[in-house]
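Step one of this worksheet: look at the structure below.
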Amino acid sequence: MAALKVLRMPTFNLTRLLTQLLFLPPMQSAATRVPSNTQERKGDVEAQTEWKQKGRIHSKKSVKANLVGGKRYLWCACGYSKNQPFCDGTHLWKRFRLKIKQHPVFFKAPKDMTASLCLCKQTNKPPYCDGTHRRKEVQEAVIEEPK
Ligand code: FES
């Protein structure tokens, strides 16, 4: 007797599909993000996993940006924007092909200022540089070329 093959249809979630197609990132301000300082306490493997879940390393240094007080900015968290350190929408258009899971971070400059913004995308205080790019894992990482 021939084995009966059961075809499984992929599950289809319309709400999820629409959310992804009409993607509006959850508003996540830099001020409301909780910095994760637990990385030091975890084992190397766990720390590396957490590190890989952040965006692609665009550059192994930060960039100084002149910010206008009161203006809203959108910092690229995925590392694929061609308008670094700001988002250009690449995370939206290439999210399926590049498997991008990060969302940009809205922030507002409190005053006219020059700020050091993260380009390695591994900071724990997005969008600002916290010196994470000096860590060994970041400095030794191979920068993946954008596809
Ligand atoms: Fe990187 Fe939008 S392009 S977060």
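The structure displayed is predicted, hence computed values, not measured ones. When a ligand or atom number is given, it counts from 1 through the structure's own listing order.
When side chains are defined from C-beta on, C129 does not count as touching K61, because their heavy atoms never get closer than 4.5 Å. Within the 4.5 Å cutoff, the side chain of W93 has no heavy atoms near those of the D88 side chain.
In this structure, Y73 has its ring center closer than 6.0 angstrom to the ring center of F86.
Side chains of K60 and Q122: no donor on one and acceptor on the other come within 3.5 Å. Counted by atom type alone, T90 and S81 present zero donor-acceptor pairs between their side chains at under 3.5 Å.
A cation-pi contact links R56 to Y80, judged by a cut-off of 6.0 Å to the six-membered ring centre and 45° from its axis.
Excluding waters, the set of protein N, O or S atoms lying under 2.8 Å from atom 2 (Fe) of ligand 1 comprises C87 SG, H91 ND1.
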